[in-house]
Undergrad: 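The structure that follows is given in the form of structure tokens.
Only this structure's heavy atoms are used, side chains among them; waters, hydrogens and symmetry mates stay out.
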Amino acid sequence: MITLKDYQERVLDSLCEFFRLTAQTRNPDTAFREVTRRFGESVPYFPVAAAGLSSGMPYVCLRVPTGGGKTLLACYAAGLAQREFMRAERSVVLWLVPSNTILDQTADALRDPRHPYRRALELACGSVDVVTIEEALRLSRATVEGQTVVIVATIQSFRVEETAGRKVYDQNGAFAEHLLNVPAGRLADLMPGADGKPKPSLVNMLRLRRPIVIVDEAHNARTDLSFSTLGNVLPSCIVEFTATPAREKQPSNVLHRVSAAELKTAQMVKLPLRVIARHPGQRDQLLMEAVTLRADLEKLAVAEGQQTTEYIRPILLIQAERVDACEPLRDRLVREFGFSKDEVKISVGKLDELKDVKEIASPKCPVRVIMTVEKLREGWDCPFAYVLCSLKETRSVTAIEQIVGRILRLPNAQTKRHPDLNCAYAFSVSESITDVLAELREALEHNGFTPAEAERIIIPVPKGTLPLGVQPQTITLIPAEIDATVARVQEAALGGKVRIDSTAGTITIVVPLDRDDTEKVKSCVTTPEAKVKVEEAVELVRKAEQAFGGTGKPRQPSPYEQQVDFLVPLLCFFENGMLYEFESTFLLEHPWKLSEKDASLSAAYNPLARPYGKAGVVDVGAKGEVQTIVMGDTADSDFVGALHQQVLQLSGQDDWTLERLVAWLDREIDHHDIPAGESAEFLRKVIRGLMAKFGMTEVDTLVLDRARLRDEIAGRIQEHRDNERNASFHQLMLPDSSLTVDAGQSINFRTMGYEPSRVYEGGFQFQKHYFGPKPGELSEKTADGKLTEEFQCAQFLDGLSEVRFWVRNLPRKSTSFRLQTSKDWFYPDFICQLTDGRALAVEYKGKHLYDGNDAEEKRVVGHVWASRSGGKCLFTMPTEGDFSVIIRAVTPI
């Protein structure tokens, strides 16, 4: 089983919360805005506008760059949609892929009981049957009702003008049993046959079951026609997975974005991308350098394997000039560079030798070079691909985009011991390195990286310098080439810009240097050759700084670059002589009885008042085209509520008793902190109370409404739990509690990876941000062009003389500083280290939020953290642009 990375957990948390809130509020717009606010910035939601698709149908996109694990996330997403949104025990999932090649690969992986995708799908959805669209034409009713059915298809399969599409809509006797005893309210949803009755067909089975639609690589299927095609199956929801969300016409509702920094920190991708360009007249030299680099990487990989047992065989991808140049080029590689013919494969047009390579990652596989022209075999994925060598002077955007994506995945999603095995390499024929960099930046953007990220992860390598062994900051000399006495003096004078180890013979240049600083470094070395290496390294660092989004101009190194400690003590619970970080489990350690709590539900809940959907007419036109006409909202129109009722109608309600309903609710409601006997007794009180209130003699009505009932009861239990947690929280906030702050329990930002989902892109140059001038998740302006209050607070801290350095504390990241409230973790906006060594936490609150209960709890726990620290920690919460409270906090009494 693949263990989910932290960023993947955050993606799924966002989706889970969106589905949960949509089910509760019955409004995807409200849910979308709330989730994007919690996990970043609140953004507008665009209801889908296409025939057959209700504006109330949830439609979201998860933006995951190449190498981020979209398919694995999609497996879990199907389960979240089934459980959290549809509130169903099983469902039909329509999994759309962009091509037949990828369809075969996806279906094979989802069927294979040993494959991590299959295991993730079963973990998320329960028992699963995976079929292709052809196999779906023979689905029995028992199969659909017995487990979750995943139908893997292309979007073309549902277009009437396609052969497969006609089969989807054609009358098919296999589906006659699916339409037996259809609830009367659902007949209008089904396409009629010639006799006016619902036609037995695959599309009608889907319309009846309201499928969850997963769209993989959605940018390949985002057209008006595609949306209207999806409308034909009446989906319950649509979840897109793509690296490049749509921005025009029907914009993608991007619920969560994954950044390059997150992928790098999670060890998913090879970054940075090192780029070498040669003039067209040096094409042979470029090829030789690429071949040599691949061989050197393989030597490093062998050494890596001896240390870790991990097998890696670096592969070179060559983009040839023409199709007819591939065979002669292979002959040359065999003749001049010592490759065997089996080690070189060609993948162009009809000549696709990759299709016969089954286990490319196997030690038995000989492949070391793959040649292509426009694109590689579709769906081919091999993390062993390390080096791209493009011999074409003129490249199409699509071709370079696809091939670059092949060299980004890191083998086994694990950082290698040798840093050169963590990078990707691109060799290119061009008269202009600028043109090459522009092409690669565009290719990276098409692979899901933002323009700013694409800038930062490309490092051009100077002419005459092979990338292997060249670390952007460090040069290695013979120790005798460094004058140790001079080095000690100059290293001190350079103030952290350069680190010199005369014993090891290394000089590390941390930031771009000016001419004077460069001369100081050169004065530390004794030979002309060493002085040239210093000059080259200084230039390389300047270019690397520019490639990573900086100006390339001389600057002071950030505290993080200087590896300065940034320690922040945690708020801890002292128990049995041990210190533990204060977290939620300490809030419910005292016994409490749910069975003794009030079991009445909200007065607004009425199991007799059912949601209604839209009225409409579905027909087939004279040419066989599908026509869906939505007549408009009926009274109390409610897409989500009506969907829940439809799901329950199809699930049946035979032989339900009060105790069976209690058991179902007990299983469906999360209450790991409450004994089963306590929860069951509370559930019985709820059900009996409802039956008395509404004059029911049987539980049938409640069974039919059990999804809404479950959520109402879960909400009521949470109210009781919150009250208990709140009481415990305020008890622990009293002076005599066991909470304490001890320097022995601290986080150190020096050892943390800084992985913002986005970085600051404004014009202000921050001088004191711990990780450099680009804080994460900080916006300079609002939508109407005004400066954000958080940005103004960051500016103030950056200019405060008492602040040595500060960090923009990233919310919901395991590497951030946090405090526990009665409900959730609290991540203060800014953490500062003052010049006198104290730590300051600053939480900025807008005026409209300052007096709320949430802000009050944050103030309370923040001040407790400060008060238990013995004066080593400070906390403040400014509002309305009044930063004088920060000055008062940092001024010694």
Side-chain angles (χ1 to χ4, degrees), residues 66 96-109 132-134 152-157 159 161-165 216-217 219-221 283 287 290-291 294 313 315-337 339-362 364-385 387-407 409 426-429 439 443 446-447:
T66 295
L96 299 177
V97 296
S99 70
N100 287 324
T101 301
I102 296 177
L103 185 154
D104 293 338
Q105 290 180 343
T106 303
D108 288 346
T132 63
I133 195 70
E134 291 293 334
V152 186
T154 63
I155 193 72
Q156 292 81 8
S157 300
R159 291 176 181 160
E161 62 273 15
E162 302 285 339
T163 301
D216 189 15
E217 298 296 347
H219 59 282
N220 291 315
R283 188 175 274 107
L287 177 62
V291 170
R294 193 219 66 82
R313 179 181 5 95
I315 290 176
L316 165 64
L317 306 183
I318 297 178
Q319 187 180 26
E321 296 177 76
R322 303 177 311 278
V323 172
D324 60 4
C326 290
E327 286 284 9
L329 182 55
R330 173 158 57 187
D331 293 340
R332 183 183 172 194
L333 290 173
V334 171
R335 185 176 64 254
E336 296 182 16
F337 295 99
F339 290 103
S340 69
K341 190 170 182 179
D342 285 343
E343 291 178 324
V344 184
K345 299 296 182 183
I346 297 174
S347 178
V348 290
K350 295 181 180 179
L351 180 58
D352 180 14
E353 297 175 346
L354 283 180
K355 69 178 183 297
D356 298 323
V357 180
K358 302 301 182 185
E359 297 288 341
I360 199 162
S362 168
K364 296 179 180 179
C365 178
V367 177
R368 283 167 171 80
V369 180
I370 296 171
M371 253 180 273
T372 187
V373 175
E374 287 302 324
K375 64 178 183 178
L376 284 166
R377 182 168 181 256
E378 193 170 35
W380 182 78
D381 180 23
C382 178
F384 284 179
V387 186
L388 163 63
C389 179
S390 178
L391 300 176
K392 292 188 70 174
E393 189 175 351
T394 304
R395 289 165 287 270
S396 73
V397 173
T398 303
I400 199 71
E401 159 200 334
Q402 196 219 43
I403 301 174
V404 165
R406 308 295 192 180
I407 63 173
R409 288 176 172 83
F427 292 76
S428 182
V429 168
E439 288 174 354
H446 280 284
N447 278 278

Undergrad: Side chains of Val369 and Ile315: does their closest heavy-atom pair fall under 4.5 Å?
TA: no

Undergrad: Picking from Asp216, Leu96, Leu103, what satisfies side-chain contact (heavy atoms from CB on, under 4.5 Å) with Val152?
TA: Leu103

Undergrad: Measuring from Leu333:CG to Glu343:CD, what's the distance to the nearest 0.5 Å?
TA: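 So the gap between those two atoms works out to 10.5 Å.
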
Undergrad: Is a side-chain donor-acceptor pair under 3.5 Å present for Thr132 with Glu134?
TA: no

Undergrad: Rounded to the nearest 0.5 Å, what separation is found between the CE atom of Met371 and the OG atom of Ser347?
TA: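 Here the rounded value is 11.0 Å.
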
Undergrad: Could you tell me the separation between the CD atom of Glu359 and the NZ atom of Lys364, rounded to the nearest 0.5 Å?
TA: 10.5 Å

Undergrad: Kindly indicate, with the supporting measurements, whether the criterion side-chain contact (heavy atoms from CB on, under 4.5 Å) is fulfilled by Val291 and Phe339.
TA: CA-CA 10 Å; Val291 170; Phe339 290 103; 3.8 Å; yes

Undergrad: Could you measure the distance from the CZ atom of Arg406 to the OG1 atom of Thr66? Nearest 0.5 Å is fine.
TA: 9.5 Å

Undergrad: Can you name the side chain to side chain donor-acceptor pair (under 3.5 Å) partners of Thr106, sequence neighbours left out?
TA: none

Undergrad: Sort out for me which residue in Leu317, Leu316, Val387 forms a side-chain contact (heavy atoms from CB on, under 4.5 Å) with Ile407.
TA: Leu317

Undergrad: How far apart are the closest heavy atoms of Val373 and Val323, and which atoms are they?
TA: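 Shortest heavy-atom separation between Val373 and Val323 comes out as CG2-N, 3.7 Å.
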
Undergrad: Can a donor-acceptor pair be found, under 3.5 Å and without considering hydrogens, that links the side chain of Arg313 to the backbone of Pro366?
TA: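 Side chain of Arg313 to backbone of Pro366: no pair is present.
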
Undergrad: Mind listing the closest non-hydrogen atom pair of Glu321 and Leu391 along with its distance?
TA: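 It is CG-O, 3.3 Å.
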
Undergrad: Within the side chain of Arg330, is there an N or O that forms a donor-acceptor pair under 3.5 Å with the backbone of Val344?
TA: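 Pair found, side chain donor or acceptor close to backbone of Val344.
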
Undergrad: So which atom in Asn447 and which in Gly405 form the shortest heavy-atom distance, rounded to 0.1 Å?
TA: OD1-CA, 3.5 Å

Undergrad: Between the main-chain N or O of Lys355 and the side-chain N or O of Lys358, is there a donor-acceptor pair closer than 3.5 Å?
TA: yes

Undergrad: Rounded to the nearest 0.5 Å, how far apart are NZ of Lys345 and CG of Leu351?
TA: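 Answer for the NZ-CG pair, Lys345 versus Leu351, is 10.0 Å.
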
Undergrad: Please report the interatomic distance CD1(Ile318) to CG(Leu287), rounded to the nearest 0.5 Å.
TA: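 Ile318 CD1 to Leu287 CG: 5.5 Å, rounded to 0.5 Å.
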
Undergrad: Hey, mind stepping through Ile370 and Ile360 against side-chain contact (heavy atoms from CB on, under 4.5 Å) and telling me if it holds?
TA: CA-CA 11 Å; Ile370 296 171; Ile360 199 162; 4.2 Å; yes

